A.B. asks: 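Pasting a structure here, questions to come.
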Amino acid sequence: CPWIERDIGIEFDKWDCPILDEDTLQSTNPEIFFGGDSALGPENIIWASAHAHKAAISMHLFCQGKNVKEERPPEGVNLLSQKMGIHEWSYDAEHDPSVRHIVPHADKEVSLKNIKVEVELGFDEKLGFDEAQRCLNCDVQTVFTDRLCIECDACVDICPMDCISFTDNAEESSMRPVLMAPATNLEQDLYVSGHLETGRVMVKDEDVCLHCGLCAERCPTNAWDMQKSVIHIPQMGSYAE
Ligand code: SF4
Ligand code: SF4
């Protein structure tokens with residue numbers, strides 16, 4: 001960052017970038033904040049925009065004489081139920097298992113002769129909708145409430161992917177092979193409940209879940225719910241008085 005003045009109390013790292021606190025983007029001169037490429041090196045425009053929001057919050061706190069690190073509004077994740085009726089969800093719970101649609105290309109005869117021809121044509125409206133039906137709704141989570149479960153096993157019966165099991169608690173390595181469908185992807189954690197009335201636990205293999213919501217529709221006690229995760233990243237306008 002050779003364009004930044006060297007005599008205004010800012011220290012620089014070995015890459016010649018200003019030394020910053022990554023949470024606040026405040027430099028070693030507490031009155032100066034950075035964002036974008038000059039902050040933490042080259043990134044894309046999405047990060048530059050995020051830096052601007054972060055630095056704006058820091059400046060707002062600084063101008064109010066508050067601690068820019070300790071008094072920041074918190075980031076977080078909320079889980080909100082998507083239930084609208086017994087068989088009705090606020091998201092499209094149907095999953096189309098067809099394979100990914102191929103993006104149509106321009107005729108090779110034309111595109112190979114002219115470098116200015118756009119090769120990928122993109123989806124038309126119908127293909128776009130068909131592709132969207134393949135969405136697994138990964139932002140909608142299955143959430144289990146131990147104390148509501150009466151262990152009727154109805155969710156086990158209806159799950160099209162056999163992801164739910166009720167079993168004795170055990171070490172993960174001995175539990176994985178004996179689930180309704182063996183959980184072989186060791187990189188994916190298992191979802192394990194607390195102990196239920198009979199002493200068993202509910203174990204769910206998240207790796208194969210379609211987020212179809214059938215377990216939550218079938219459950220007579222609402223022990224299963226489908227909840228959307230909403231990430232909250234504070235921005236100036238959303239909290240400043
Ligand atoms: S959401 Fe569907 S696939 Fe996932 S556990 Fe429930 S029933 Fe099974
Ligand atoms: S359907 Fe509901 S109550 Fe029955 S076992 Fe599943 S989670 Fe428990």
Side-chain angles (χ1 to χ4, degrees), residues 74-103 123 126-234:
E75 294 186 359
V77 178
N78 248 346
L79 283 169
L80 300 173
S81 178
Q82 301 301 296
K83 197 156 207 165
M84 294 173 67
I86 293 176
H87 301 294
E88 208 178 349
W89 299 102
S90 64
Y91 71 101
D92 183 357
E94 275 193 35
H95 165 62
D96 174 355
S98 57
V99 293
R100 177 175 294 183
H101 297 89
I102 305 292
V103 176
F123 291 140
K126 176 174 181 320
L127 262 186
F129 275 120
D130 289 349
E131 183 65 9
Q133 278 306 118
R134 299 179 58 251
C135 174
L136 282 169
N137 297 296
C138 293
D139 57 337
V140 180
Q141 320 287 327
T142 47
V143 177
F144 183 76
T145 307
D146 310 0
R147 66 185 161 74
L148 296 180
C149 178
I150 54 170
E151 298 183 64
C152 66
D153 283 16
C155 53
V156 178
D157 292 342
I158 204 164
C159 176
M161 301 304 290
D162 288 339
C163 6
I164 304 171
S165 304
F166 288 85
T167 178
D168 291 333
N169 203 359
E171 286 298 319
E172 185 176 322
S173 54
S174 48
M175 205 187 256
R176 278 182 178 272
V178 299
L179 300 178
M180 289 291 290
T184 51
N185 180 2
L186 300 182
E187 288 182 7
Q188 175 69 62
D189 289 339
L190 296 175
Y191 181 8
V192 183
S193 76
H195 281 106
L196 304 170
E197 279 295 314
T198 61
R200 300 186 300 171
V201 289
M202 183 289 300
V203 185
K204 178 169 172 258
D205 180 2
E206 299 281 3
D207 207 32
V208 287
C209 176
L210 297 174
H211 302 212
C212 64
L214 287 175
C215 51
E217 289 182 32
R218 183 73 177 274
C219 179
T221 63
N222 280 345
W224 280 116
D225 191 15
M226 304 303 292
Q227 299 186 2
K228 186 174 235 170
S229 53
V230 182
I231 300 173
H232 174 67
I233 298 175

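As the structure is a prediction and not an experimental result, all values here were calculated from the model.
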A.B. asks: So do Asp189 and Glu206 actually touch side chain to side chain, heavy atoms under 4.5 Å?
C.D. replies: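 No; the side chains remain at least 4.5 Å from each other.
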A.B. asks: Tell me the closest heavy-atom pair linking Val178 and Ser174, and the distance in Å.
C.D. replies: CG2-O, 3.7 Å
A.B. asks: Should Val201 and Met175 count as side-chain neighbours, where that means a heavy-atom distance under 4.5 Å?
C.D. replies: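 Side chain of Val201 against side chain of Met175, heavy atoms only: contact under 4.5 Å found.
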A.B. asks: For residues Trp89 and Met84, determine if any side-chain heavy atom of one lies less than 4.5 Å from a side-chain heavy atom of the other.
C.D. replies: no
A.B. asks: State, with a plain yes or no, whether a side-chain heavy atom of Cys159 is found less than 4.5 Å away from one of Leu214.
C.D. replies: no
A.B. asks: How close do Phe123 and Ile102 get, counting heavy atoms only, and between which atoms?
C.D. replies: CE2-O, 3.9 Å
A.B. asks: Is any side-chain heavy atom of Glu75 closer than 4.5 Å to one of Ile231?
C.D. replies: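 Not in contact.
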A.B. asks: Between CG of Leu186 and OG of Ser173, what distance do you get to the nearest 0.5 Å?
C.D. replies: 9.5 Å
A.B. asks: Is there a side-chain contact between Leu179 and Leu190 (heavy atoms, below 4.5 Å)?
C.D. replies: yes
A.B. asks: In this structure, are over 12 heavy atoms from other groups packed under 6.0 Å from Glu151 atom CD?
C.D. replies: yes
A.B. asks: Before giving the answer on side-chain contact (heavy atoms from CB on, under 4.5 Å), spell out for Lys83 and Asn222 the whole-Å C-alpha distance, their side-chain angles and the decisive distance to 0.1 Å.
C.D. replies: CA-CA 10 Å; Lys83 197 156 207 165; Asn222 280 345; 3.4 Å; yes
A.B. asks: Taking Asp225 for the side chain and Gln227 for the main chain, is one N or O donor matched with an acceptor at less than 3.5 Å?
C.D. replies: no
A.B. asks: Which atoms form the tightest heavy-atom contact between His211 and Asn137, and what is the distance?
C.D. replies: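 It is ND1-O, 2.8 Å.
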A.B. asks: Run the salt bridge (charged side-chain N to carboxylate O under 4.0 Å, His left out) test on Asp130 and Arg100 for me, step by step, so that the C-alpha distance in whole Å, both residues' side-chain angles and the decisive distance to 0.1 Å come before the verdict.
C.D. replies: CA-CA 9 Å; Asp130 289 349; Arg100 177 175 294 183; over 6 Å; no
A.B. asks: Dump the intermediate steps for side chain to side chain donor-acceptor pair (under 3.5 Å) on Asn185 and Glu187, then the final yes or no.
C.D. replies: CA-CA 5 Å; Asn185 180 2; Glu187 288 182 7; 5.6 Å; no
A.B. asks: Take Ile164 and Met202 through the test side-chain contact (heavy atoms from CB on, under 4.5 Å) and record every step on the way to the result.
C.D. replies: CA-CA 7 Å; Ile164 304 171; Met202 183 289 300; 4.1 Å; yes
A.B. asks: Atom CD in Gln188, atom CZ in Arg176: separation rounded to 0.5 Å?
C.D. replies: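 Reported value, rounded in 0.5 Å steps: 8.0 Å.
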A.B. asks: Look up atom CZ in Phe166 and atom SG in Cys155, then write down how far apart they are to the nearest 0.5 Å.
C.D. replies: 4.0 Å
A.B. asks: Say you draw a straight line from NZ of Lys204 to CG of Asp162; how long is it, rounded to the nearest 0.5 Å?
C.D. replies: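 Taking NZ in Lys204 and CG in Asp162, the distance rounds to 13.0 Å.
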A.B. asks: Is a donor on one side and an acceptor on the other found under 3.5 Å between the side chain of Thr221 and the backbone of Leu148?
C.D. replies: yes
A.B. asks: So, Ser165 side chain and Thr167 main chain: donor-acceptor pair closer than 3.5 Å or not?
C.D. replies: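 No, the answer is negative, given that no donor and acceptor are paired below the 3.5 Å cut-off.
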A.B. asks: Mark yes or no for whether Gln82, through its side chain, and Leu80, through its backbone, hold a donor-acceptor pair below 3.5 Å.
C.D. replies: yes
A.B. asks: Closer than 3.5 angstrom, by distance alone: can the side chain of Asp146 be matched with the main-chain N or O of Gly194 as a donor-acceptor pair?
C.D. replies: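 Side chain of Asp146 to backbone of Gly194: a pair is present.
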A.B. asks: How long is the span from the CZ atom in Arg218 to the NE2 atom in His87, to the nearest 0.5 Å?
C.D. replies: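 Answer for the CZ-NE2 pair, Arg218 versus His87, is 10.0 Å.
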A.B. asks: May I have the step-by-step check of side-chain contact (heavy atoms from CB on, under 4.5 Å) for Asp205 and Met180, ending in yes or no?
C.D. replies: CA-CA 9 Å; Asp205 180 2; Met180 289 291 290; over 6 Å; no
A.B. asks: In the structure I gave you, are the side-chain heavy atoms of Leu210 and Pro160 within less than 4.5 Å of one another anywhere?
C.D. replies: yes
A.B. asks: Please check: side-chain N/O of Glu131 versus main-chain N/O of His101, any donor-acceptor pairing under 3.5 Å?
C.D. replies: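 Yes, the answer is positive, given that a donor and an acceptor are paired below the 3.5 Å cut-off.
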A.B. asks: Whether the side chain of Thr142 engages the backbone of Met226 through a donor-acceptor N/O pair (distance < 3.5 Å, no angle test) should be reported.
C.D. replies: no
A.B. asks: Could you work out, with salt bridge (Lys or Arg N to Asp or Glu O under 4.0 Å) as the rule, every residue matching Asp139, not counting sequence neighbours?
C.D. replies: Lys228
A.B. asks: Working to the nearest 0.5 angstrom, can you tell me the gap between Leu136 CG and Cys212 SG?
C.D. replies: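 Taking CG in Leu136 and SG in Cys212, the distance rounds to 10.5 Å.
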A.B. asks: Any sub-3.5 Å donor-acceptor pair from Arg134's side-chain atoms to His95's backbone N or O?
C.D. replies: no
A.B. asks: For Tyr191 and Cys209, what are the C-alpha separation, side-chain angles and deciding distance, and is it a side-chain contact (heavy atoms from CB on, under 4.5 Å)?
C.D. replies: CA-CA 11 Å; Tyr191 181 8; Cys209 176; over 6 Å; no
A.B. asks: Could you tell me whether the side chain of His232 and the main chain of Gly76 form a donor-acceptor pair under 3.5 Å?
C.D. replies: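 Absent.
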A.B. asks: Do Pro234 and Pro74 have side chains that approach each other closer than 4.5 Å (heavy atoms only, starting at C-beta)?
C.D. replies: no
